[in-house]
Every structure is written in C-alpha cells, then in structure tokens.
Amino acid sequence: MSELQHHPGKLMMFFIILLRIIFTAAVICTIAFIFYNSAQVAEISSGYSGRFTILINNLLSLTPVKLVLSEHSVRKLAHIAEFAALGFFLTCCLRVYTKRLIAFCAWPLLFGLFIAVCDEFLQKFVPGRSSSIKDIFIDFTGVCGGTAVAIFIIFAISFTFWLLWGRKRNKRRKAAMAQEKAEIDRARAFLVQQDRLETEKAAEKERINAMLNEDTVKILSENSK
C-alpha cells in the first residue's frame, strides 16, 4: 500500500489539492473560451452561430415539441450557457478552497459580473461586434443560474455523505464517549476504594497506637509501684 493509503489525512489533502487544480483550470479555460468567442469577427461568429442554429433546430425537430429557434435566440442562449458554466465552476472552485460557501457565495457572482463587463467591453473593439448593457444582464443571469445549480449539487452531495458516513461517525463517536465514560467511572471507583483503604489503614494505625499507649501506661504504673 502507498503512503497515502496509510494516512487518511494525507489522502484527503491529496484529493483536495487535485480538485483545486481541476476547478481552477476549469475556471481559467471557461474564461478563455468566453473571450475567444467574443474576439471572433462578426462574419466568423455568425457562421458558427448559423451552423449551431441549424444543428439545434434539427434536434428539436426530432422531439414532440415543434420549436424553431432563431440565430439571435441561439446566440443569447449560448451566452447564458457560457456564463452558467463560469458560475458553476467558480462556485465549485470556491468550495474546494473554503467550507464557508454561503458566506462567500457573492464572490462567484461578482467575479462573473466582472467577466461579463470585460467581455462586452472587448466586443467594442472587434469588427462587426457591439456591446450592450442588456447583454451584461443576460450573461449575469447565466452566472446566477450556474451558481445556483452548483450550490444545489454541493449541498446534495454533502447531505448524501452525511447520510452515508455522518451517522456512522456519530455512532462511533457516541460509542467512544460511552467507553471513555465507563473508564472514568472505573477510575473513580478505584480512587474511592483506595481512599477507603487509606481510611481503614489510618483507623487501624490509630487503634494500634491507642493500644500501645494503654500498655505503656500500665507498664509505667506497675513500675511506679
């Protein structure tokens, strides 16, 4: 067995570091993907959107719901999906760095909003692209949705782990506390018994001393006669 298997604490730390690397890389890759798409000129971006719109509509045609999406709707949905992924990975990344997820849940939202503003600012300098405050709100909606999904999944996993291992750990803890209490009670009983023996020894010593004193007095009385 490896050294990590012999030390559960080291194994847990290894997985935490691994998750930190994975989610930090996921955040960086998602931001790079968002900026890469925004840096595409209008003709290239429109070509991607057109092909993707045809693909989605073909898939929708196979479903009972007969819905046809426009290229504009697909572009907005793509923005929401991108920033939802960003919010999701930001929240997961926050969780592997701290347990106080609720206390710091504003951080993924604020950082996601910052990336949305930077993304729209970048589009101002791309030929054929434009930026708008409405798109910032759309992107931020995706960040909020991804953050909410991540929080739900994290709490669901935490609750599942508590059901599977938390109760067993509590039972083991209660058994250990009961055993410790039993040992303390035995130690107290032993101390009480020792005190009783010491008291009996002291009483026996006093009785012997009293008898010796009586004998001494008798001997002195006889000698005086």
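Nearest heavy-atom pair, Val126 versus Ser38, reported as atom, atom and distance to 0.1 Å: CG2-O, 3.4 Å. Contact between Leu90 and Pro108 at its shortest, heavy atoms only, is CD1-O, 3.6 Å. In terms of heavy-atom proximity, Ala116 sits nearest to Asp139 at CB-CB, 3.7 Å.
Note: Trp107 and Phe104 have tilted aromatic rings, judged against thresholds of 30 and 60 degrees for the angle between ring planes.
For the atom pair NZ of Lys99 and CD1 of Ile154, the computed distance is 13.5 Å after rounding to the nearest 0.5 Å. Separating the CG atom in Asp195 from the CZ atom in Phe190 is a distance of 10.0 Å, to the nearest 0.5 Å. Within the model, atoms CZ of Phe140 and CG of Leu109 stand 5.0 Å from one another, a figure rounded to the nearest 0.5 Å. Within the model, atoms OG1 of Thr91 and CZ of Arg95 stand 12.0 Å from one another, a figure rounded to the nearest 0.5 Å. Remark: Ile21 CD1 to Ile16 CD1 distance equals 12.5 Å, nearest 0.5 Å. Summarising the geometry, atom CD belonging to Gln194 is positioned 9.5 Å from atom CZ belonging to Arg196; distances are rounded to the nearest 0.5 Å.
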Could you go through Phe88 and Thr30, starting from their C-alpha distance and side-chain angles, then the distance that decides it, and tell me whether this counts as side-chain contact (heavy atoms from CB on, under 4.5 Å)?
CA-CA 10 Å; Phe88 179 85; Thr30 304; over 6 Å; no

Determine, stepwise, if the pair Thr141 / Cys144 fulfils side-chain contact (heavy atoms from CB on, under 4.5 Å).
CA-CA 5 Å; Thr141 300; Cys144 294; 5.8 Å; no

Full working for side-chain contact (heavy atoms from CB on, under 4.5 Å) between Phe83 and Leu86
CA-CA 5 Å; Phe83 282 88; Leu86 178 61; 4.0 Å; yes

Might you work through the side-chain contact (heavy atoms from CB on, under 4.5 Å) test for Ile34 and His79, ending with a clear yes or no?
CA-CA 8 Å; Ile34 291 172; His79 270 265; over 6 Å; no

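Hydrophobic clustering (ILVMFWY, side-chain heavy atoms < 4.5 Å, transitive): Ile153 and Val143 are in one cluster. Under the 4.5 Å side-chain heavy-atom criterion for ILVMFWY residues, no single connected hydrophobic cluster contains both Ile28 and Ile115. Grouping the Ile, Leu, Val, Met, Phe, Trp and Tyr side chains by contacts below 4.5 angstrom, directly or via other members, places Leu19 with Ile157. Transitive grouping of hydrophobic side chains (ILVMFWY, heavy atoms separated by less than 4.5 Å) brings Phe35 and Val117 into a common cluster. Cluster membership for Leu113 and Val27, using ILVMFWY side-chain heavy atoms within less than 4.5 angstrom, is shared.
Between Asn37 and Glu82 the shortest side-chain heavy-atom distance falls below 4.5 Å.
Residue Leu197 places its CG atom among more than 12 non-hydrogen atoms of other residues, nucleotides or ligands, all under 6.0 Å distant. In Glu183, the CD atom is crowded: over 12 heavy atoms of neighbouring residues, nucleotides or ligands sit closer than 6.0 Å.
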